[in-house]
Undergrad: 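Got a structure for you, questions after.
The chains referred to below are lettered A, B, ... by the order of the sequence lines, with proteins before strands, and numbering in each begins at 1. Keep in mind the model is a prediction, meaning the values are calculated, not measured.
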Amino acid sequence: MINFNEIERKWQKYWEDKEVFKAVNNSDKPKYYYLVEFPYPSGAGLHVGHVRSYTALDALARKKRMMGYNVLYPMGWDAFGAPAEQYAIKNHIHPKEAVSENIKTFKGQVKALGLSIDWSREFSTTDPEYYKWTQWQFLKFFEHGMAYKAKKNINWCPKCKTGLSNEDSSGGICERCGSKVEQKEKEQWMLRMSDYAEDLITGLDDTNFIDRIKTAQINWIGKSTGAEVDFEIKGIDDVLTIYTTRPDTLYGVTFMVVAPEHPMIEKHQDMIKNMNEINDYKTKAKNKTEFERTQVNKEKTGVCIDGLTAINPITNAEIPIYISDYVMMNYGTGAIMAVPAHDERDFEFATKFNIPIIPVIEQITGEKHDNEKIKNSIVAVLYDEKTDKYLTINWKELGGRLFVGGTRKDNESPIDCAIREIKEETGYVNIEYVHDIFPINHHYYAYNKNQAFEIESIGLLFKLVDDKKESTNLDVDEENKFTVEWVDKSVIEKEVKDELHITTFNNLLKPQAYTGDGKMINSGVLNGLTNKKESIAKMIEYLKEQGYGKEKTNYKLQDWIFSRQRFWGEPIPLVYCEDCGWVPVKEEDLPVLLPDVANYEPTENGESPLAAITDWVNTTCPHCGKKAKRETDTMPNWAGSSWYWLRYMDAHNDKEFVSQEALKYWGKLDFYNGGMEHATRHLLYARFWNQFLYNIGLVPNKEPFDTRVSHGMILGDGGVKMSKSLGNVINPDDMIKLYGADALRCYEMFIGDYEKEVSWSEKGLNGCKRFIDRVIRIGDKVSKKDNYSNNLEKIINKTIKKVTEDYDNMKFNTVVSSLMILLNEYEKQTEISKEDYRVLLVLLNPIAPHITEELNEQYDLGSPICESSWPTYDESKLVDDEKDIAVQVNGKVRATIKISMDDTEEEIKEKALKAENVINHTNGKEIVKVIVIKGKIVNIVVK
RNA sequence: GCCUGUGUGGUGGAAUUGGUAGACGCGUUGGACUCAAAAUCCAAUGGUAGCAAUACCGUAUCGGUUCAAGUCCGAUCACAGGCACCA
């Protein structure tokens with residue numbers, strides 16, 4: 001019996017001693033750079049999820065090496081940040097020690113997997129030799145004006161006592177500890193990431209990220225185009241500038257809204273008569289967290305500013321201004337023009353505050369025709385509360401079920417028209433007007449009149465007061481052609497087919513803003529246009545001409561809050577001098593080391609724990625030499641991971657962050673794997689950082705990563721998340737002890753589609769263990785013969801092709817199943833050749849490297865696999881000369897026939913028609929045609 | 001609400017990209033070996049009917065395109081992830 005743990009140690013030592021996986025800078029071989037996001041060495045140890053991605057990339061790396069590449073597959077540790085600090089506080093040890101302990105366990109676990117990592121390039125972000133260069137690069141940002149300090153209303157975690165970026169506090173919950181995030185005003189270092197918004201979008205074209213990552217990034221950056229428009233304020237020489245994506249609706253503006261923090265309020269407070277009320281509102285808004293403020297379903301609130309009135313630049317209408325927290329100060333200009341007819345939020349606000357609503361876009365229904373006649377009309381819905389029914393007119397074949405409709409006479413108001421039509425057609429006279437809706441632009445063709453019409457239709461809702469009826473007043477030709485019927489809503493939904501009528505009905509029951517495309521009305525120069533794009537362009541042109549506004553693009557992406565009030569992070573290498581301001585620490589004085597002290601717990605007042613260490617804080621100004629103080633904020637966790645892939649290229653350089661030579665040789669990171677949860681944060685920060693380095697000439701590529709893939713999560717048995725509290729966490733160490741590293745690796749590759757989440761099953765792992773055992777046992781059948789056995793040659797060549805392609809497409813699960821199929825075939829043989837055995841071992845080696853090396857050595861099959869090349873297949877050996885194909889009759893499989901590859905189409909057809917069960921199904925029927933797809937299928941169509 | 005995905009046996013998942021649905025593994029059942037168990041090996045395994053040949057049904061639901069649909073198109077439902085008062 002083979003002791004697999006012993007074999008694992010043996011080969012791991014062999015690889016290490018011989019340095020087989022060491023990547024060489026400047027080799028003649030083509031280079032390839034694989035990377036998995038480096039782990040955060042938490043106290044919990046390695047997760048089986050880590051095993052999945054590490055093994056997958058290890059398999060790719062091993063195969064690539066065998067294909068003749070100089071492969072870089074490094075590993076390191078992302079060890080700054082709150083968890084390590086929390087752990088240290090809890091266990092009363094210095095984070096430095098906690099981290100080095102965790103790294104030790106983590107590394108041991110990773111090594112037990114037998115990964116082909118070049119350990120000579122290992123580092124931790126917490127190494128002073130590394131964070132020296134993180135600090136150095138921060139100073140580059142500072143030197144180029146890309147870092148600035150700003151007073152910011154920041155997301156503040158009361159438990160972690162630190163500021164959080166928007167990315168770290170999504171949903172109003174602290175990413176680390178789950179506490180509710182508050183708002184706090186603090187001075188923070190910021191990086192001008194929003195300057196790079198456009199480049200971060202366009203740069204994606206130079207990457208091979210999978211689409212869902214690209215779209216996630218694009219959505220996060222949130223580009224929108226529109227216009228900024230200046231609204232004069234009545235009686236003062238000042239304008240209110242707003243941002244809108246819909247300048248085409250400018251004629252429909254009925255109010256303005258500014259964010260509670262908008263500076264114009266303070267600026268013009270002496271004009272404002274209800275300042276108390278406004279201040280009250282401002283205070284309330286401030287106390288709400290960002291999360292509460294952005295709860296979508298919350299009812300709108302606001303206060304009208306009494307004393308300030310805006311003037312619509314194109315209509316000169318006077319417009320009230322409100323403050324409301326549904327407008328954010330940090331996006332656009334912090335002020336909007338509100339068009340309630342065509343914006344859902346504005347509609348809700350206007351409805352609540354009784355503000356007029358002016359439609360400027362008509363929804364279009366029906367189909368346009370040539371030579372349309374224009375008329376105005378109404379559609380009237382009459383509702384009876386007592387029976388919960390609606391009045392309809394059933395025109396039967398002549399037009400189906402409709403509501404009361406009619407043409408408006410000259411100078412007749414829609415209401416009058418509707419009342420008249422209802423009486424004329426149905427006789428009801430005691431009805432009460434409820435409301436009407438925006439006009440609809442409808443097109444139809446009247447066959448009885450042989451005429452096309454374009455109508456502007458207004459929908460009106462009435463309530464029936466009582467059943468009193470007067471005689472109807474119908475044209476002779478209308479009589480007896482329809483019946484008046486009261487029906488339920490459900491009948492209407494099923495039977496009213498006319499687009500105008502059903503749209504009218506739906507809009508009447510649920511009045512809402514119309515945000516779609518349509519025909520411009522009430523809009524001066526834009527009237528009649530039906531294309532949104534065109535209307536917007538025309539309006540922007542007009543605004544520019546008149547000097548009222550300009551085109552403008554906005555992004556949701558904000559600048560990066562780069563300060564953390566924590567101990568365990570890279571100190572920001574700046575010194576504040578009363579005379580010189582913020583001064584960078586001199587390059588030769590880097591790194592600014594974290595002091596070795598006992599107290600690193602967060603302070604109550606929100607300052608970094610470093611602020612309490614006076615020895616450390618007090619220093620001299622690098623510029624003038626006077627007394628000065630160090631910056632006590634540290635960098636966020638994301639800093640160290642924003643350039644680490646570059647460091648692996650030249651991991652121990654003490655002169656530069658990485659040499660230009662190494663940068664040039666390794667170029668882009670070819671293949672980067674990481675969790676989907678980093679698609680918008682780490683990946684954007686890293687790309688931003690790299691683009692900046694590129695722009696100042698420090699790296700050769702603007703985009704750092706070529707391909708980016710994401711592995712799916714591994715869930716516990718039954719599809720629930722693995723968690724300590726559920727007690728379903730699987731420890732890879734235990735699995736290795738019980739089943740061996742190769743079986744564990746094999747199972748995690750076999751478990752399912754690499755990109756999808758899967759659930760863990762120990763039975764499945766045992767199945768892979770059985771597979772490995774069978775690979776070992778098949779060794780008993782190895783003969784002295786070389787070369788592939790004749791009867792295995794074909795399947796071997798096919799398997800090489802399939803497995804090679806599947807590795808390249810990361811379809812590891814079918815790599816394993818193909819090899820299982822090959823093994824099943826071997827087991828049917830009485831003996832197999834050395835070469836048969838060797839090829840199986842080599843193909844399996846990237847996934848199960850230890851046992852395959854061992855068996856290769858034991859049976860003396862050739863040089864160690866890690867030093868061999870990848871097998872090739874012979875195209876000519878792939879084709880079958882005979883094949884079973886299916887014969888269908890009318891699309892249903894009725895028989896299979898054996899065909900030879902040189903059979904002509906005629907011969908195949910003949911065989912197919914002669915097949916027994918085919919005759920049963922074609923007998924007595926007319927054969928319409930026979931479709932022969934060579935080598936695949938025959939389909940006989942009969943009648 | 002918006003944007004991505006996903007939906008196939010008891011189960012994890014395959015399916016040459018429109019061509020025999022369920023490969024391979026797990027589980028289950030039966031058998032062999034064993035005093036017995038474990039391990040191993042052999043056989044069966046989508047559902048219904050039938051001794052069987054075979055027939056019908058079957059890839060979330062409904063409809064469409066096609067000689068042929070898990071695959072393409074349209075609508076709906078469910079789940080997962082991301083974004084969310086971004087004007």
Undergrad: Looking only at the side chain of A/Val941 (C-beta and beyond, no hydrogens), which of the listed nucleotides B/rA87, B/rC67, B/rU20 gets closest?
TA: B/rC67
Undergrad: Determine the interatomic distance between P on B/rA37 and the same-named atom on B/rA44; round to the nearest Å.
TA: 24 Å
Undergrad: Rounding to the closest angstrom, what is the interatomic distance between B/rA15 and B/rG70 at atom P?
TA: 16 Å
Undergrad: Paired with B/rU4 by Watson-Crick or G-U wobble geometry, both distances under 3.5 Å: which nucleotide is it?
TA: B/rA80
Undergrad: Using a 4.0 Å heavy-atom cut-off to protein, can you give one letter per nucleotide of nucleotides 10-15 of chain B, 5' to 3': B if the base is in contact, S if only the sugar-phosphate is, - if neither?
TA: --BSSS
Undergrad: Out of B/rC85, B/rG27, B/rU4, which nucleotide sits closest to the side chain of A/Lys763?
TA: B/rG27
Undergrad: Is NZ or CZ of A/Lys769 both nearer than 6.0 Å to the six-membered ring centre of A/Tyr739 and within 45° of the ring axis?
TA: no
Undergrad: CD1 of A/Ile937 versus P of B/rU16: gap in Å, rounded?
TA: 14 Å
Undergrad: If the C1' atom of B/rC73 is compared with that of B/rU66, how far apart are they to the nearest Å?
TA: 12 Å
Undergrad: Could you tell me the Watson-Crick or G-U partner of B/rC62, where both distances fall under 3.5 Å? Say none if there is no partner.
TA: B/rG74
Undergrad: Pick the C1' atom in B/rU54 and in B/rA78, then give their distance to the nearest Å.
TA: 37 Å
Undergrad: Write down the distance between CG (A/Asp884) and C1' (B/rG19), rounded to a whole number of angstrom.
TA: 15 Å
Undergrad: Report, as a single string ordered 5' to 3', how protein heavy atoms within less than 4.0 Å touch nucleotides 41-50 of chain B: B base, S sugar-phosphate only, - not at all.
TA: S---------
Undergrad: If I pick the P atom on B/rA23 and the same atom on B/rG12, what distance separates them, to the nearest angstrom?
TA: 15 Å
Undergrad: CE/A/Met722 to CD1/A/Ile714 distance, rounded to the nearest 0.5 angstrom?
TA: 6.5 Å
Undergrad: Answer yes or no: side-chain N or O of A/Lys300 and base N or O of B/rC85 forming a donor-acceptor pair under 3.5 Å.
TA: yes
Undergrad: Which base sits across from B/rA21 as a Watson-Crick or G-U pair, both distances under 3.5 Å?
TA: none
Undergrad: Mapping A/Asp211 and A/Ser818 onto RNA chain B by nearest heavy atom, which one lands closer to the 5' end?
TA: A/Asp211
Undergrad: Could you tell me which nucleotide pairs with B/rU16 by Watson-Crick or G-U wobble geometry, both distances under 3.5 Å, or answer none if nothing does?
TA: none
Undergrad: I'd like to know if A/Arg52 and A/Glu748 make a salt bridge, using a cut-off of under 4.0 Å between side-chain N and carboxylate O.
TA: no
Undergrad: P atom, B/rG25 versus B/rA14: distance in rounded Å?
TA: 15 Å
Undergrad: Could you go step by step and tell me if A/Ile314 and A/Tyr251 meet the side chain to side chain contact (heavy atoms under 4.5 Å, CB included) rule?
TA: CA-CA 7 Å; A/Ile314 53 170; A/Tyr251 284 90; 3.4 Å; yes
Undergrad: With both distances under 3.5 angstrom, what nucleotide forms a Watson-Crick or G-U wobble pair with B/rC33?
TA: none
Undergrad: Rounded off to whole Å, could you give me the CG-to-P distance for the A/Leu840 and B/rC24 pair?
TA: 16 Å
Undergrad: Grab the CZ-C1' distance between A/Arg894 and B/rA53 for me, whole Å please.
TA: 14 Å
Undergrad: Does A/Lys352, at its NZ atom, have more than 12 non-hydrogen atoms belonging to other residues, nucleotides or ligands within less than 6.0 Å?
TA: yes
Undergrad: Once you apply the 3.5 Å cut-off to both distances, tell me the Watson-Crick or G-U wobble partner of B/rA69, or none.
TA: none
Undergrad: Any idea which of B/rG19, B/rC24, B/rA21 is nearest the A/Lys936 side chain?
TA: B/rG19
Undergrad: Is the shortest distance from a Lys or Arg side-chain nitrogen in A/Arg894 or A/Glu916 to a carboxylate oxygen in the other one below 4.0 Å?
TA: no
Undergrad: Any idea which of B/rA68, B/rC3, B/rA21 is nearest the A/Asn219 side chain?
TA: B/rC3
Undergrad: Side chain of A/Trp220 only, please: which of B/rC83, B/rC56, B/rG19 is the nearest?
TA: B/rC83
Undergrad: Is A/Glu905 salt-bridged to A/Lys934, going by a charged N under 4.0 Å from an acidic O?
TA: no
Undergrad: Would you find more than 12 non-hydrogen atoms of other residues, nucleotides or ligands less than 6.0 Å from A/Glu344 atom CD?
TA: no
Undergrad: Separation of A/Lys892 atom NZ from B/rU20 atom C1', in whole Å?
TA: 14 Å
Undergrad: Partners of A/Phe750 by ring-ring contact (aromatic ring centres under 6.0 Å, His included), sequence neighbours excluded?
TA: none
Undergrad: Distance check, C1' atoms only: B/rU8 and B/rA21, in whole angstrom units.
TA: 8 Å
Undergrad: For B/rU17 and B/rA68, measure between their C1' atoms and round to the nearest Å.
TA: 15 Å
Undergrad: So does A/Glu827 have more than 12 non-hydrogen atoms from other groups sitting under 6.0 Å from CD?
TA: yes
Undergrad: Angle class for the A/Phe812/A/Tyr754 ring planes (parallel below 30°, perpendicular above 60°, tilted otherwise)?
TA: perpendicular
Undergrad: Watson-Crick or G-U wobble partner for B/rA38, using a 3.5 Å limit on both distances?
TA: none
Undergrad: Need the pair for B/rU48. Rule: Watson-Crick or G-U wobble, both distances under 3.5 Å, any strand; none if unpaired.
TA: B/rA55
